[in-house]
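Notes follow the structure.
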Amino acid sequence: MPDTPIRPSAWGGLTTILDTPLKRQVAIAVILMAMIVAPLLFGQYATVILTNALLYVVLALGLNIVVGYAGLLDLGFAAFFAVGAYTVGIATLNFGLNFWLALPLAVFFAIIAGIIIGTPTLRLRSDYLAIVTLGFGEIVRLAARNLRETGGASGLSGIESPWLFGWHISTPLDFYYVFCVLAIIAVVVSVRLANSRLGRAWLYVRHDEDAAEAMGIDRVKVKLAAYVVGAVYGAIGGAFFAANLGAISPNSFSFQQSVLILMAVILGGMGKIPGVILGAFIVILAPELLRDFGDLRLFIFAVGLLLIMLFRPSGIWPAKSRTGARR
Amino acid sequence: MTLLQVQGVSLSFAGSKVLQGVNFAVAEGAIASLIGPNGAGKTSLFNCITGFYKPQAGSIRLAGTETLRMKPHQVTRSGIARTFQNVRLFREMSVTENVMSGLHCRTSAGIIESILRLPGQQREETMIRDFAEECLTFVGITEGWDRDATTLPYGWQRRVEIARALATKPKLLLLDEPAAGLTSSEKEDLIGLIGRIRDQRGISVLLIEHDTGLVMRVSERISVLDHGVMIAEGAPKEIQANPKVIEAYLGVEDGEASLGL
């Protein structure tokens, strides 16, 4: 039996470095401590940026399920983000619902939207799917721009920040910790799904649709499940985004937004959870760190992205095997 | 009793007739073979039986149930499993995970159960893993379970594919050229394995195979397909002596071309 590589897991190479429960617990404790003290060390401006990065961790992990696990190219992911944000905005402003009642509603509408767009399109090959999802993203944005209920081009404002058991979530620091919790939940759910019957089915379908069908897997149903789970991530991210800013406008849900989220997924490494988290942080933090360069900031960022994709086409995060060979 | 009944199946692609009114049956508990020269339509018939191709006419029944209009995953669920002519294991996944795919259609845990790790889902996961490992042991693979399946030696990959098909708990197993590329000792193991699949698991086996020696030894019934027409059917001895079969084989060039899929 030759010493062939162990197949990579959703954790990338982390499982081989953190190979004992103790090491893993220490790593988790260090990360949690860092999350708690970071805003106290870096000040309010950094806290706002970090909150945004954590929002992107949630969104990117959601898109990662669609793109990374199920292998479906989705160029309209911001649409689900918009569905979540607008549902919360309309439900709280027009119908006087409190945030925690609007949240399940946002999830519900995201599931409906996911099924409506997914059912007819998931039979398509991935390149056609990309075009359809791109169109869907634009439809949602233009609808939001033109409907009276969504406040047109100026959007909605005055969305109240939520209360939780007597705690008014209102300051940037409050929202930072809320998004910390959301990001942790997003990671745990991603890991559990990856190691489930459904998570394996996504990989089977991604690697070989015909062989998966021959094993009795309904590829349309499995893809739809990925699409819907991704939609729910997007909607939850959107709901808290609306509550955090208090105001939303169609500009927040543009095609650029979809591309930015997709970039986080691809940059870090599709299907690898630590990679996707890293990707989300890079996409948000890099333009901030490059502020000193003024007008050249986005140019430098773009060159950096191109170089990363040239030299690490499967993402920054390494997929190390036990033998140390790189995939 | 008849397990698989194929009646009057005709298939054509853009006017070229691949199968013409094929009648064919596999008895319950049988080991049967489908042979024929290159391009005779054997793999096409397999693809019709497993739902990958939709024949223009005819009927395909598994234990009395019509499967012709079913999608491939529904056919598998109803009890027909297959392997592929060119091994198609899932890349970047372990040997065990590959075999676990077969149990997807026999299990039910959904999104919520998996996220919350409910006891039922945990039990199901254990059952899936145990059964996959049992299938691997059955085909004689007792080590290297957590390795990337596509890095295994070729002969092992073929057996993993059989284990994966067995994991779907089929009534009928279709093997598309299972001996292709195997060494002679691996072929001996394969003959033994096919016998055990039927005798110990009660699964009927239908194979397409070009190694006539192996076909004659392993099968109880042989059907011969030529240019999309079933030209002979019978016990190995009868087939060897059938003039139509001899003519069909001598009339074509030697060598094998793949038929897609």
Side-chain angles (χ1 to χ4, degrees), chain A residues 1-10 15 65 71 111 123 185-186 188-222 224-226 228-230 232-233 270-272 314 319 321-323 325 327, chain B residues 47 50-52 71-78 80-84 87-95 97-111 113-117 121 124-125 128 143-144 146-153 156 161 164-165 167-170 174 261:
Chain A
M1 196 56 220
D3 193 23
T4 44
I6 303 295
R7 79 113 186 148
S9 77
T15 37
I65 287 174
I111 292 172
R123 287 158 221 275
I185 293 172
V188 170
V189 168
S190 284
V191 171
R192 290 189 168 190
L193 284 176
N195 295 320
S196 75
R197 165 179 178 269
L198 192 60
R200 288 189 299 271
W202 289 331
L203 297 184
Y204 300 141
V205 169
R206 185 182 85 195
H207 289 321
D208 190 333
E209 286 199 7
D210 288 330
E213 276 276 337
M215 290 304 108
I217 295 166
D218 184 345
R219 65 194 164 100
V220 176
K221 202 170 148 188
V222 161
L224 192 61
V228 167
V229 172
V232 170
Y233 269 76
M270 282 191 287
K272 291 168 275 187
S314 59
S321 66
R322 189 181 289 174
T323 52
R327 178 156 53 95
Chain B
N47 284 337
T50 50
F52 281 95
K71 290 184 181 142
H73 68 91
Q74 293 166 324
V75 174
T76 306
R77 215 186 154 90
S78 74
I80 300 179
R82 72 173 292 172
T83 63
F84 292 91
V87 180
R88 290 174 79 162
L89 294 176
F90 300 111
R91 285 175 293 114
E92 293 166 28
M93 300 191 78
S94 75
V95 171
E97 281 173 319
N98 262 275
V99 179
M100 285 160 87
S101 68
L103 281 137
H104 186 90
C105 64
R106 303 289 173 224
T107 47
S108 65
I111 297 170
E113 291 101 309
S114 305
I115 292 173
L116 298 179
R117 296 217 163 137
Q121 187 259 355
E124 199 178 83
E125 282 292 301
I128 291 172
E143 55 169 322
D146 54 358
R147 293 180 189 280
D148 185 332
T150 52
T151 62
L152 291 182
W156 290 47
E161 226 195 3
R164 187 175 71 172
T168 67
K169 303 182 180 173
L174 307 189
L261 264 180

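Here is the naming used below: chain letters follow the sequence lines, and residue numbers restart at 1 for every chain. Since the model is a prediction, treat every value here as computed from it, not as a measurement.
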Step by step, work out the side chain to side chain contact (heavy atoms under 4.5 Å, CB included) result for Arg200(A) and Ile128(B). CA-CA 12 Å; Arg200(A) 288 189 299 271; Ile128(B) 291 172; 3.7 Å; yes
Please classify the contact of [X] with chain A as side chain, backbone, both or neither, using a heavy-atom distance under 4.5 Å.
X         : answer
Ser108(B) : backbone
Leu116(B) : backbone
Thr168(B) : side chain
Ile111(B) : both
Glu161(B) : neither
Glu113(B) : neither

Any chance you could lay out the side chain to side chain contact (heavy atoms under 4.5 Å, CB included) test for His73(B) and Arg219(A), step after step, and finish with the verdict? CA-CA 8 Å; His73(B) 68 91; Arg219(A) 65 194 164 100; over 6 Å; no
Around Arg117(B), counting heavy atoms of other residues, nucleotides and ligands shown, do more than 12 lie under 6.0 Å from its CZ?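 Yes, the 6.0 Å shell around CZ holds more than 12 heavy atoms from other groups.
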Could you give the distance from [atom1] ([X]) to [atom2] ([Y]), rounded to the nearest 0.5 Å?
X         : Y         : atom1 : atom2 : value
Arg88(B)  : Glu209(A) : CZ    : CD    : 10.0 Å
Arg82(B)  : Asp210(A) : CZ    : CG    : 8.5 Å
Lys71(B)  : Glu213(A) : NZ    : CD    : 8.0 Å
His104(B) : Asp218(A) : NE2   : CG    : 8.0 Å

Do you know which of [options] has the most heavy-atom pairs with chain A at a distance under 4.5 angstrom?
options                                    : answer
Gln74(B), Arg164(B), Arg77(B)              : Arg164(B)
Glu124(B), Arg106(B), Met100(B), Glu125(B) : Glu125(B)
Ile115(B), Thr83(B), Val75(B), Leu103(B)   : Ile115(B)

Measuring heavy-atom distances to chain B, does Val222(A) have an atom under 4.5 Å in its side chain, in its backbone, in both, or in neither?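 Contact with chain B is through the side chain of Val222(A) alone.
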Between Ile217(A), Leu198(A), Val188(A), Leu193(A), the one whose heavy-atom pairs under 4.5 Å with chain B are most numerous: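 Answer, by heavy-atom pair count under 4.5 Å with chain B: Ile217(A).
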Test your reading of the model: is there a side-chain donor-acceptor pair from His207(A) to the backbone of Phe90(B), 3.5 Å cut-off?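 Flag not set: sc His207(A) to bb Phe90(B) has no pair under 3.5 Å.
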Please report the closest heavy-atom contact between Arg192(A) and Ser114(B), naming both atoms and the distance.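 Here Arg192(A) and Ser114(B) meet closest at CB-O, 3.7 Å.
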